[in-house]
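One structure below.
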Amino acid sequence: MARQKIVAGNWKMNLDRAAAVALTEGVAARRSEVPGVELVLCPPSLYVGTVGTALKLAGDTSPSGVWLGGQNMHDKPSGAFTGEVAPAMLTDMGCRYVILGHSERRTLFGETDAIVNAKAKAALAAGLVPIVCVGETLEEREAGKTQTVVTAQVRGSLAGLSPEDLAKVVIAYEPVWAIGTGKVATPEQAQEVHALIRSLLANLASPAVAADVTIQYGGSVKPDNAASLAAQPDIDGALVGGASLKAADFLGIAAAFNS
Ligand code: PEP
């Protein structure tokens, strides 16, 4: 299986229902412009069903070729977990992907590598593709700890996964200092960490598995900086926050990876 380019939009806690539908339809209408890229929309969980309906998802098919993802989930299949969403609820609503361990989940909601690991296993067991987020803070980068921090996050978040499961995972390298700040990592800074992540995957699984895993970059990706990131050998797509809220910007980023 060749490495797949994937551009995913993390809408976070933004938009209302009408805007979510309009954005979905705007992306789906121009999906054919980027045939070489898998497009994924990750709405707030309350709108996952609405977006799935707008995409006309049916079973395992998406007529528009745009896929749906959750922004988070619980690792348990059901139970007394007020406010949470189970993995099978996401698949039931047509999700193919789920973002796990986003830095906002890690810093604002206390998610540790162990929690992300449990969620990654539960996602895979439910048939979801986990988009596992890792990335260092500015303080950690300035202290020269980027490699140590990212290594610990990758190893901790993916601990115990079989090579077969590792082959299904997507990793998003998102330096925390670049998320929502307008400060994008340079292509060289990003490539260095992506290459590290791929070498860690080679150790955890095999070089062949590592070669096929999609590693996205995230952090202030915009249409005008996406091409230089896409030109790097180990950057296989983007996890996009702010710019995913406008169809033209989201598709402009996807166009940079459409080669
Ligand atoms: C994100 O939250 O995953 C993200 C990358 O946000 P932004 O593109 O807004 O920096």
Side-chain angles (χ1 to χ4, degrees), residues 1-12 14-15 19-73 85-102 119-120 122-133 165 167-172 212-218 221 226 230 236-241 243-258:
M1 199 181 67
R3 205 186 296 172
Q4 171 73 56
K5 300 276 171 63
I6 304 172
V7 173
N10 175 10
W11 295 357
K12 308 193 185 184
N14 291 302
L15 307 176
V21 170
L23 178 53
T24 304
E25 290 174 350
V27 171
R30 293 179 50 199
R31 196 267 166 278
S32 59
E33 294 173 18
V34 288
V37 180
E38 178 122 319
L39 296 182
V40 185
L41 305 181
C42 301
S45 52
L46 202 57
Y47 297 153
V48 158
T50 304
V51 171
T53 301
L55 290 174
K56 301 184 178 63
L57 295 179
D60 203 20
T61 59
S62 170
S64 68
V66 178
W67 297 98
L68 190 58
Q71 295 179 11
N72 178 39
M73 52 164 241
V85 170
M89 293 173 182
L90 292 178
T91 55
D92 200 15
M93 300 311 288
C95 287
R96 178 181 268 206
Y97 292 87
V98 62
I99 300 169
L100 297 179
H102 188 279
K119 291 185 177 194
L124 287 159
L128 288 159
V129 175
I131 300 177
V132 176
C133 303
D165 276 343
K168 297 176 191 154
V169 166
V170 171
I171 311 282
D212 282 353
V213 171
T214 300
I215 307 178
Q216 300 174 310
Y217 169 80
V221 182
D236 313 313
L239 181 54
V240 187
S244 73
L245 298 174
K246 287 194 180 142
D249 288 353
F250 185 62
L251 289 156
I253 292 167
F257 287 93
N258 187 47

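Sequential numbering from 1 along the given sequence is applied to the chain's residues.
- Within the 4.5 Å cutoff, the side chain of Leu23 has no heavy atoms near those of the Phe250 side chain.
- Take Cys42 and apply the side-chain contact (heavy atoms from CB on, under 4.5 Å) test, not counting sequence neighbours, and it matches Val40, Gln71, Ile99.
- Scored by the salt bridge (charged side-chain N to carboxylate O under 4.0 Å, His left out) test, Asp165 finds Lys168 as partners (sequence neighbours excluded).
- The two residues Leu100 and Pro130 come nearest to each other via the heavy atoms CD1-CB, 3.7 Å.
- A search for side chain to side chain donor-acceptor pair (under 3.5 Å) contacts involving Arg96 returns Glu38, not counting sequence neighbours.
- Here Lys12 pairs with Glu104 under the side chain to side chain donor-acceptor pair (under 3.5 Å) rule; sequence neighbours left out.
- Residues Val221 and Ile253 share a closest heavy-atom pair of O-CD1, 3.5 Å.
- Looking at residues two or more places apart in sequence or on another chain, you find a side-chain contact (heavy atoms from CB on, under 4.5 Å) between Thr214 and Arg3, Gln4, Ile6, Val170, Gln216, Asp236.
- Under the side-chain contact (heavy atoms from CB on, under 4.5 Å) criterion, Ser45 pairs with Val85, sequence neighbours left out.
- Listed by chain and number, the residues in a side chain to side chain donor-acceptor pair (under 3.5 Å) with Glu33 are Arg30 (sequence neighbours excluded).
- Listed by first and then second residue, the side chain to side chain donor-acceptor pair (under 3.5 Å) pairs involving residues 244-258 amount to none (not counting sequence neighbours).
- For the side chain to side chain donor-acceptor pair (under 3.5 Å) condition, no pair includes a residue of residues 47-60, sequence neighbours left out.
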Walk me through whether Asn72 and Lys119 qualify under side chain to side chain contact (heavy atoms under 4.5 Å, CB included). CA-CA 9 Å; Asn72 178 39; Lys119 291 185 177 194; 2.8 Å; yes

